[in-house]
Asks: 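Take this structure, written in structure tokens, and hold onto it; I'll ask about it next.
Everything quoted here is computed from the prediction, not taken from an experiment. Counting starts at 1 for both ligands and their atoms, following the listed order.
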Amino acid sequence: MAVSTVYTAQSLHSTCSISTPTKTHLGIQQRQVLFFSKKTNRGRVRGGEIRCSGDTIVIGLAADSGCGKSTFMRRLTSVFGGAAEPPKGGNPDSNTLISDTTTVICLDDYHSLDRTGRKVEGVTALDPRANNFDLMYEQVKALKDGIAVDKPIYNHVSGLLDPPELIKPPKILVIEGLHPMYDQRVRDLLDFSIYLDISNDVKFAWKIQRDMAERGHSLESIKASIEARKPDFDAYIDPQKQYADAVIEVLPTQLIPDDNEGKVLRVKLIMKEGVKYFSPVYLFDEGSTVSWIPCGRKLTCSYPGIKFAYGPDTYYDHEVSVLEMDGQFDRLDELIYVESHLSNISTKFYGEITQQMLKHSDFPGSNNGTGLFQTIVGLKIRDLFEQITASKASATLEATKA
Ligand SMILES: Nc1ncnc2c1ncn2[C@@H]1O[C@H](COP(=O)(O)OP(=O)(O)OP(=O)(O)O)[C@@H](O)[C@H]1O
Ligand SMILES: O=C(CO)[C@H](O)[C@H](O)COP(=O)(O)O
């Protein structure tokens with residue numbers, strides 16, 4: 001049946017269309033509703049069907065394991081205020097984090113093979129054959145359409161697939177994990193996508209630090225696990241960065257010749273041009289090529305100092321703007337000096353980036369470009385969300401007037 005008019009009902013918090021041939025006004029339509037299910041977001045009206053699409057925006061965050069996704073998610077959630085918690089009263093090993101505005105689901109939950117299954121089949125978790133992309137697509141689409149889903153849980157403690165958990169459509173759904181941009185159907189549902197591109201040397205250093213200190217793994221077993229994953233990482237995970245709207249690339253510093261300590265990092269924020277609702281951040285002058293050493297009277301820098309760069313470039317044949325920071329901050333409160341030279345940062349007040357960075361100074365990467373750029377991307381996502389919401393609201397208003 002053809003959709004002929006747009007229906008808005010305050011109780012539904014979504015935009016709904018009715019397949020009736022007559023153009024009707026809100027009051028009449030409310031009398032026409034015969035049945036409506038909030039679970040499926042569908043119902044019947046006299047002479048037709050009602051279908052609602054939700055207001056959920058979907059963000060994809062791709063990276064290999066141990067590359068800072070959880071840290072990034074904590075920064076993003078904090079931009080919206082409120083803490084993110086696992087679903088109340090649910091599975092204690094749930095991978096989901098829910099706050100007032102955001103729900104973060106981990107795509108490991110769509111592993112179709114559990115740990116034993118992968119061993120038997122001889123595949124890694126990065127291999128598409130170990131993941132259920134049909135279900136991932138159906139459930140992300142349902143949530144985007146405002147429909148709750150029973151999502152499976154992959155239990156990282158037991159290595160088994162646990163009974164599903166109910167996920168309701170949030171304002172912002174973040175799908176984070178190995179493959180948010182691998183399947184074109186899922187990719188097409190994303191309103192914005194991010195790839196955390198950690199160079200091999202840095203990834204190795206982070207993994208050793210975490211898996212040895214926190215998980216009791218030996219150096220040899222960590223090396224073996226990284227080597228075993230590498231071919232599948234190169235084949236299935238890394239290529240997704242070509243689709244990302246923003247890439248945070250983490251490399252060894254260039255400020256220390258032949259550095260092999262991996263403590264000082266050079267971080268690039270690669271921002272695609274022409275993405276709807278996203279205007280890349282710039283330093284001093286949009287579109288110019290800039291190199292800036294901010295150390296001196298207003299920014300304290302110990303060895304090896306700090307260097308920023310900004311300029312246009314191409315990335316996988318796309319036009320991009322790249323902002324780069326090499327080095328680390330000695331005093332986070334002085335970050336305001338750098339912040340005041342950046343534009344298009346989508347802050348709500350002067351110094352918001354600095355405030356966010358100070359608030360989470362204990363998070364990994366708070367003194368370097370990883371923390372700074374993750375915070376900036378968080379602010380850009382808030383801005384994108386506000387723009388999409390405003391544009392949907394005005395489209396609905398126009399449609400009800402028609
Ligand atoms: N910006 C950073 N600077 C330094 N170390 C970092 C940074 N981000 C993450 N790490 C290190 O990497 C480890 C993994 O980070 P995090 O838990 O955020 O990654 P993840 O991608 O969510 O991992 P997983 O998918 O395996 O759960 C941290 O314990 C920390 O040691
Ligand atoms: O790449 C991963 C994503 O986090 C994990 O290795 C994958 O999910 C398998 O988990 P586990 O090692 O706990 O069985």
Asks: Within the 3.5 Å criterion, strictly below it, is a donor on Ser94 or Glu165 matched to an acceptor on the partner's side chain?
Replies: yes
Asks: Nearest protein heavy-atom contact for atom 28 (C) of ligand 1: which residue, which atom, what distance?
Replies: Arg210 CD, 4.3 Å
Asks: Just to verify, what does Asp93 make a salt bridge (Lys or Arg N to Asp or Glu O under 4.0 Å) with, not counting sequence neighbours?
Replies: none
Asks: Any side-chain donor-acceptor pair under 3.5 Å between Asp259 and Thr253?
Replies: no
Asks: Is it the case that more than 12 heavy atoms not belonging to Asp362 sit under 6.0 Å from its CG atom?
Replies: yes
Asks: Is Ser65 close to ligand 1, meaning an N/O of one under 3.5 Å from an N/O of the other?
Replies: yes
Asks: Compute both the distance and the angle, then confirm whether Arg75 meets the cation-pi test with Phe363: under 6.0 Å from the six-membered ring centre, within 45 degrees of the axis.
Replies: no
Asks: Do the charged groups of Lys268 and Asp197 touch, with an N to O distance under 4.0 Å?
Replies: no
Asks: Among all protein heavy atoms, pick out the one at the shortest distance from atom 19 (O) of ligand 1; state its residue, atom name and that distance to 0.1 Å.
Replies: Gly68 N, 2.9 Å
Asks: Could you tell me if Lys171 sits above the aromatic ring of Phe80, with its cationic atom closer than 6.0 Å to the ring centre and no more than 45 degrees from the axis?
Replies: no
Asks: Below 4.0 angstrom from a heavy atom of Thr370, which ligand 1 atoms are there? Numbered from 1 as shown, please.
Replies: 1 (N), 2 (C)
Asks: Please determine whether a side-chain nitrogen of the Lys or Arg among Arg185 and Asp188 lies less than 4.0 Å from a carboxylate oxygen of the Asp or Glu.
Replies: no
Asks: With heavy atoms of Gly365 as the reference, note each atom of ligand 1 found under 4.0 Å away.
Replies: 1 (N), 2 (C), 3 (N)
Asks: Give me the residue, atom name and distance of the protein heavy atom closest to atom 20 (P) of ligand 1.
Replies: Lys69 N, 3.5 Å
Asks: Can Ser302 and Asp330 be counted as having a side-chain donor-acceptor contact under 3.5 angstrom?
Replies: yes
Asks: Hey, does Gly66 come in under 3.5 Å of ligand 1, counting only N/O atoms on both sides?
Replies: yes
Asks: Can you list the atoms of ligand 1 that are under 4.0 Å from a heavy atom of Cys67?
Replies: 19 (O), 20 (P), 21 (O)
Asks: Just how far is it from atom OH of Tyr195 to atom CG of Asp64, taken to the nearest 0.5 Å?
Replies: 7.0 Å
Asks: Between His341 and Phe308, is the gap from one ring center to the other below 6.0 Å?
Replies: no
Asks: For atom 31 (O) of ligand 1, what is the nearest protein heavy atom, given as residue, atom name and distance?
Replies: Gln209 NE2, 3.2 Å
Asks: Mind checking what residues have non-hydrogen atoms under 4.0 angstrom from ligand 2?
Replies: Ser65, Asp108, His111, Arg115, Arg118, Ala125, Tyr154, His156, Leu178, Arg229
Asks: For Thr71, take its heavy atoms, then give the atoms of ligand 1 lying under 4.0 Å from any of them.
Replies: 16 (P), 18 (O)
Asks: Return yes if some donor-acceptor pair links the side-chain N/O of Asp313 with the main-chain N/O of Val320 below 3.5 Å, else return no.
Replies: no
Asks: Who gets closest to atom 11 (C) of ligand 1 by heavy atom: Phe373, Trp206, Phe363?
Replies: Trp206
Asks: Among all protein heavy atoms in this structure, tell me which lies nearest to atom 22 (O) of ligand 1, with the distance rounded to 0.1 Å.
Replies: Ser70 OG, 2.4 Å
